[in-house]
Amino acid sequence: MRNELKSVETEIKYAGYLQQQQRAIDRLKKAEQRSIPDWFDYGSVSGLSREMKEKLTRVRPRTIGHASRIPGVTPAAVSLVNVYIEIQARRREQAAAI
């Protein structure tokens with residue numbers, strides 16, 4: 001009985017943290033499936049090392065998940081690419097609207 005009470009107490013205490021962790025996992029899964037457009041220019045991503053730009057340009061990964069599994073490509077590089085896809089997509093949309 002005492003162990004069950006402790007277990008319930010622990011679940012209640014950490015429920016918020018567990019929900020936050022689940023949301024982070026869901027975001028990561030969604031990002032993994034994100035397509036990298038054919039037009040995406042790795043050379044324009046400031047903050048990417050020359051080595052990362054060369055690897056990504058050579059391999060041309062189709063998704064963020066694929067990019068994250070390329071040997072030597074860092075999580076920081078993948079994160080930058082993910083952000084720049086958004087930035088470049090918005091710029092293309094704005095240019096098309098003009």
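If you read the sequence from its start, that first residue is 1, and numbering goes on from there.
- The side chain to side chain donor-acceptor pair (under 3.5 Å) search around Glu9 returns Lys13, not counting sequence neighbours.
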Which atom pairs, one a donor and one an acceptor, fall under 3.5 Å between side chains of residues 36-45 and the rest of the protein, sequence neighbours left out?
from, atom 1, to, atom 2, distance (Å)
Asp38, OD1, Arg62, NH1, 2.5
Asp38, OD1, Arg62, NH2, 3.4
Asp41, OD1, Gly43, N, 3.0
Ser44, OG, Asp41, O, 2.8
Ser44, OG, Gln88, NE2, 2.5

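- Within the 4.5 Å cutoff, the side chain of Ile85 has heavy atoms near those of the Ile64 side chain.
- Side chain of Thr57 to backbone of Lys53: a donor-acceptor contact under 3.5 angstrom is found.
- In summary, the side chains of Gln22 and Asp26 do present a donor paired with an acceptor at a separation below 3.5 Å, with no hydrogens or angles considered.
- Nearest heavy atom pair, residue Ala77 against residue Val73, reads CB-CG1, 4.1 Å.
- In plain terms, the two heavy atoms of Leu48 and Leu80 that are nearest each other are N-CD1, 4.0 Å.
- When hydrophobic side chains of Ile, Leu, Val, Met, Phe, Trp and Tyr are connected at separations under 4.5 Å, Val8 ends up clustered with Ile12.
- Residues forming a side-chain contact (heavy atoms from CB on, under 4.5 Å) with Gln33 (at least two apart in sequence, or on another chain): none.
- Atom CZ of Arg60 has more than 12 heavy atoms from other residues, nucleotides or ligands within 6.0 Å.
- A salt bridge does not link Lys6 to Glu11: none of the charged nitrogens lies less than 4.0 Å from a carboxylate oxygen.
- To the nearest 0.5 Å, atoms CD1 (Ile87) and CZ (Arg92) are separated by 14.5 Å.
- Applying the side chain to side chain donor-acceptor pair (under 3.5 Å) criterion to Glu54, with sequence neighbours excluded, gives Arg50.
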Derivation of the salt bridge (Lys or Arg N to Asp or Glu O under 4.0 Å) call for Glu32 and Arg69: CA-CA 10 Å; Glu32 273 232 340; Arg69 289 184 287 280; 3.5 Å; yes

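- Between the side chain of Lys30 and the backbone N or O of Ile25, no donor-acceptor pair lies under 3.5 Å.
- In this structure, Ser68 contributes its side chain and Gly65 its backbone to a donor-acceptor pair below 3.5 Å.
- For Val59, the side-chain contact (heavy atoms from CB on, under 4.5 Å) partners two or more places apart in sequence, or in a different chain, are Pro61, His66, Ile70.
- Taking both residues in full, the closest heavy atoms of Arg34 and Asn82 are given as NH1-OD1, 2.8 Å, listed atom of the first, atom of the second, then distance.
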